[in-house]
Every structure is written in structure tokens, then in C-alpha cells.
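Reading through the C-alpha cells given below for one structure.
Note that these values count all heavy atoms, side chains included, but never hydrogens, waters or copies made by symmetry.
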Amino acid sequence: MAEVPQKCNLSAGQSIGNRYMVDKLLGEGSFGLVYKVHDNSGNPYAFKLLKLWEIPPDVRQSLTARFKMEFETGQIPSDYLVHSVDYGMMLGNPFIVMEFCDGGDVMTYSQNHNLNLSKFACHVLYGLNALHKEGKVHRDLKPENVLVKPDGKFLLTDFGISGDRNKHLTEVNFLGKPLQVFGTYAYMPPEQVKPVKHAPIVLPTTDIFSFGVMIYQLLTGAMPFGKLETQGDLVPYIKNGRNGNWDRQLLLNSEKGRLWETLIEGCLQPDYKNRIQTTTQVLDYVPEKDFSFSENKPPAIEKSFCSSVKNGLKLKIMQGEEYGKEYLLTDLKNSYGQIIRMGRKDETVFNEIEIQEKQSSYVSRMHCCFEFYTNTGEWVIRDGQWRNDCKRASRTRERYPCGSCPSPCNGMKQWYWKNSLNGTYLNSQEVSQYGMIITPGDIISIGDTKIRVEGY
């Protein structure tokens, strides 16, 4: 039985498990508290505590899972992500210990320093590249989530709760800062604000749109789609974003606006399919860049992850409610045959791969399928599945279960192909029913779940 969370009152000078000592409170909000602490050697850290004692019991498990995923995301090897260094429990409440960035966020930094925007842009894109190649999307990119280290590096932070699309958009972030509605909508792409389908797929292009908004803001001191000062400003701001109506003249009037116009134009495309698709492509448009900002330009996301294929391919959930779960396609093929179906876990249908979605229903019950081609040894992913209105046929692997079926339809119900409600994406490209070949390093996106293809 899980320990019942108790209230934690931390004060300056208090010891935490003989490993850390509290220096001061940095912030408090709806979900938790963040303290500055130091270890026994005097090294400073940020200590992030989830206030489970104030959270309703029915959502504690899912919130803790997302908190743990944030910790693990912070362990992705990159010089441009705030690193997680420790995870533990305190009186039934989980905590994360992270590296401490005493330069504040980029807005605070830019008020006191001459910001090298090209350097800033490259560092943010390097951080996003590291996330995207691991099958993760930040989903809450904005200036307050870019911190500055003493050596001048810009690091992305806040990979978990505040960026979760399942929370209400009017909810405060982890620290409960007062941006609330505006802090979310100001940087959000149109497909997330007002879905054109049942629900949008979260793709790297989500972060690329937010990146464009942030660069525009740093160049002009204003938001691209109009002012956002009152509740009444929200509707026209969203409408302008949806129509691609951003203030180009204000950008061109800024000191270096013309240099950044092409990049911003490509990032702020309202249709994500017309937007710049990857961070490495965005990087090509950054003006006045100097790759001494980093050791190397990051490789293209699509080719960034390699793993040897000895037995076959596997699917690993990198973002979603079943984070870390793996499915071995070759083993599934040996057990079930050359076609492996994937969909939301639901008792009314049968899928060889069942995706758990308790908090949402963005994955269709019969979402997509994988087919193995014996002659080439390749796997192909297709959006949708063969369907039949017969409920018995949906719940079994049998293609024609009519022989033992007592239903009076006499097998007259026809099979037909139906695509998923929200689409299937491979490396940000939409997959059709005709399919695309998958290889190690590919990222599959369905609903809120992102999956990486690996060899094993």
C-alpha cells in the first residue's frame, strides 16, 4: 500500500535525508514547491517537491507518473536541458533534485544583459532536438522555461506537468505563476488551441511554433498576434494565430527583424504541415549563427538514434501513460502472425498492442497496424485497420468467425478499411492506409503517445 502523503514544511537550514540542506524557497504553486538547496559539498541544486497532500487521491497516481517522467526526461544527455540528478520520496511526496541555474530565465537575463539571440536560438534548438529524437515534445516552450547558466548556456526546463495537454488550459503552471491563460495560449499553435479533428497529434512542429513566437517576442518586445493584456484580447489573438495574421511590420521595424523574418515566417505557419518540420531545419535559418556555441551541429532527428538489429524491431513508449513499456514486434509476429494491430485498450476490440489511455481518448480503439513483409524483411506501419460491424469479429483475431457464431447475419457483414480519427505520424509525416517503412530511430505519434522504433 502506498504511503499516505503528509504535509511537508521545509525551512532554511533544514536537512533533507542527510543529503541536502534547504537554503530558501524559490516558488510555490498549485502543484508544488521549489527550493534552492545544497549538498554536503556545498553544490547548489533546485529541489522540486510535488504537493501530493493537497492533490485529490484519484489523480495522485497519474500526476506522480508524469512527475517521474519529468525526472527521467531530465536525464537525457544534452548540454541544453536542465539535468535531473536525484529522485526520491519525502513523507509520501515525490521530489526531483535538478541542477541549479542562477541566471534566471531568459526574460530576466535579457533585461540585464545584451542577449545574443543567435546563440540563444541555437541552444534552444539543440535542447529541442535532444527531446524530439527521444520521442518527446516539450509542449510548453516559453521564455520562463528557458534558464541561463553562469557560463552563458541556455537550458530548457519544465518537461512534465506544466506541459501536459490533458490539464485545463487555464490552470496555473507548476509554480502557479500568474500567466495562467495567457502564458499557455500565447505560445500555442492553432491545432492545439482549436483542433480541426477530434484531437490534435502533438508533434515537434508544436514546439517549433512556440519557438517562433518566443523569437518574435524577444526581437520586438511584443506578441506576434496582438496584445494579450485582458481576457477580451484572447479571442482575437487566437483568431489571428489561426489565420496567420502576425504583425510583420513590427518585426521589420526592429533592429534585426529582417534577418529573422524567414525563420519566423516558417515557424508561425498556422497549418503544421506547412510549418518548418524539424529543429535541424529551423537551425538552417538562424542568422549570424556560430557553431562554436556548441561542439557540433546536432544530426538530423530522423537519423540521430541508432541501435543494432539482431533479433528484430521493438516499439518503446517514450511519452504517454505507459512510459517505458516495450513491445517486441518480432516476438508478436511469431505469436500472432504478420499483421500486428495497435489501438486503445478497450474490451470491445482486440489488438495485439493495447495502448493505455485513462486520462484521454485520443488513440482510436482500432488506430493503426504493423505488417511484416517476408520478402524484404521490413515492417510497414499503416494508419487504420480492417473493420467489420460485427462485434464478435472485432473482439477476436479470427478473420471469419462466422462458423460458430449464433448471430442471424449469416456472415453478410462486410469487411472495410477505416482510418483512425486523429491520424498516425512517422517522424512528423502523416501515415496513410498504404503505409510507410519503419526503421530504428523512427518516432511514431498516435494521440498523446509517442513511440520510438529500436532494434534488439
Side-chain angles (χ1 to χ4, degrees), residues 1-11 14 16-17 19-20 22 24-37 45-75 82 84-98 136-140 142 144-145 157-185 188 192 199 202 317-325 345 355-362 447-449:
M1 181 179 295
E3 181 181 358
V4 177
Q6 302 176 45
K7 185 175 182 179
C8 297
N9 290 313
L10 300 178
S11 57
Q14 183 173 344
I16 303 173
R19 290 178 292 173
Y20 308 101
V22 178
K24 62 180 180 179
L25 177 67
L26 296 176
E28 179 176 5
S30 301
F31 292 130
L33 306 104
V34 178
Y35 296 87
K36 180 183 178 183
V37 302
Y45 296 98
F47 182 89
K48 192 170 185 177
L49 179 69
L50 187 61
K51 298 191 297 185
L52 279 190
W53 70 85
E54 292 186 359
I55 295 170
D58 60 328
V59 296
R60 286 175 182 167
Q61 183 177 358
S62 61
L63 198 59
T64 299
R66 298 207 303 271
F67 195 66
K68 182 66 177 296
M69 187 175 71
E70 178 175 0
F71 164 75
E72 293 175 346
T73 300
Q75 294 190 310
V82 172
S84 304
V85 297
D86 198 2
Y87 181 90
M89 301 294 292
M90 185 174 188
L91 299 178
N93 303 283
F95 65 78
I96 297 173
V97 180
M98 305 173 293
K136 298 178 182 294
V137 176
H138 191 289
R139 298 191 284 195
D140 196 28
K142 51 192 176 185
E144 67 183 284
N145 284 339
T157 189
D158 214 349
F159 315 119
I161 295 169
S162 67
D164 194 287
R165 68 182 262 187
N166 292 327
K167 73 185 186 71
H168 294 296
L169 298 179
T170 55
E171 195 172 274
V172 295
N173 66 8
F174 187 88
L175 286 178
K177 292 186 178 179
L179 292 176
Q180 297 185 4
V181 173
F182 307 135
T184 300
Y185 278 111
M188 186 177 287
Q192 297 296 107
V202 178
I317 296 181
M318 303 303 295
Q319 192 164 335
E321 294 182 28
E322 295 183 298
Y323 170 74
K325 192 168 185 178
K345 187 175 183 178
I355 301 298
Q356 183 75 55
E357 274 202 336
K358 293 181 180 179
Q359 304 300 317
S360 61
S361 56
Y362 302 140
D448 268 344
T449 299

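When atom types are taken as modelled, the side chain of Gln356 and the backbone of Glu322 share no donor-acceptor pair closer than 3.5 angstrom. For the pair Asn93 (side chain) and Leu52 (backbone), a donor-acceptor distance under 3.5 Å is present.
Taken to the nearest 0.5 Å, the NZ atom of Lys48 stands 3.5 Å off from the CD atom of Glu70. The distance from the OG1 atom of Thr449 to the CD1 atom of Ile355 is 5.5 Å, given to the nearest 0.5 Å. Note: Leu25 CG to Phe47 CZ = 12.0 Å, rounded to the nearest 0.5 Å. Taken from CG in Leu50 to CG in Leu63, the straight-line distance is 5.0 Å, to the nearest 0.5 Å. Here the CD-OG1 distance, from Glu144 to Thr157, works out to 10.5 Å after rounding to the nearest 0.5 Å.
Partners of Pro56 according to the side chain to side chain contact (heavy atoms under 4.5 Å, CB included) rule, which considers only residues two or more places apart in sequence or in another chain, are Asp58, Val59. Under the rule for a side chain to side chain contact (heavy atoms under 4.5 Å, CB included), the partners of Glu54 that lie at least two apart in sequence or sit in another chain are Lys51. Contacts of Tyr45 classified as ring-ring contact (aromatic ring centres under 6.0 Å, His included), with partners at least two apart in sequence or in another chain: none. The ring-ring contact (aromatic ring centres under 6.0 Å, His included) search around Phe71 returns Tyr87, not counting sequence neighbours. With sequence neighbours excluded, the residues that form a side chain to side chain contact (heavy atoms under 4.5 Å, CB included) with Thr73 are Met69, Ile76, Leu131, Lys136, Phe159. Scanning for side chain to side chain contact (heavy atoms under 4.5 Å, CB included) contacts around Lys7 gives Asn9, Trp53, with sequence neighbours left out.
Taking both residues in full, the closest heavy atoms of Val82 and Met98 are given as CG1-CB, 4.1 Å, listed atom of the first, atom of the second, then distance. In plain terms, the two heavy atoms of Cys8 and Met90 that are nearest each other are SG-O, 3.6 Å. For Phe95 against Arg19, the heavy-atom pair with the smallest separation is CZ-NH2, 3.6 Å. Closest non-hydrogen pair, Leu49 versus Pro94, comes out as CD1-O, 3.6 Å. In plain terms, the two heavy atoms of Gly92 and Pro5 that are nearest each other are O-CB, 3.6 Å.
Here the side chains of Lys142 and Asn145 are in contact, with some heavy-atom distance below 4.5 Å. Taking the side chain as every heavy atom from C-beta outward, Leu33 and Leu10 never approach each other to under 4.5 Å. A heavy-atom distance below 4.5 Å is not found between the side chains of Gln6 and Val4. At least one side-chain heavy atom of Glu72 sits under 4.5 Å from a side-chain heavy atom of Tyr323.
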request  = Any chance you could lay out the side-chain contact (heavy atoms from CB on, under 4.5 Å) test for Ile16 and Tyr35, step after step, and finish with the verdict?
outcome  = CA-CA 11 Å; Ile16 303 173; Tyr35 296 87; over 6 Å; no

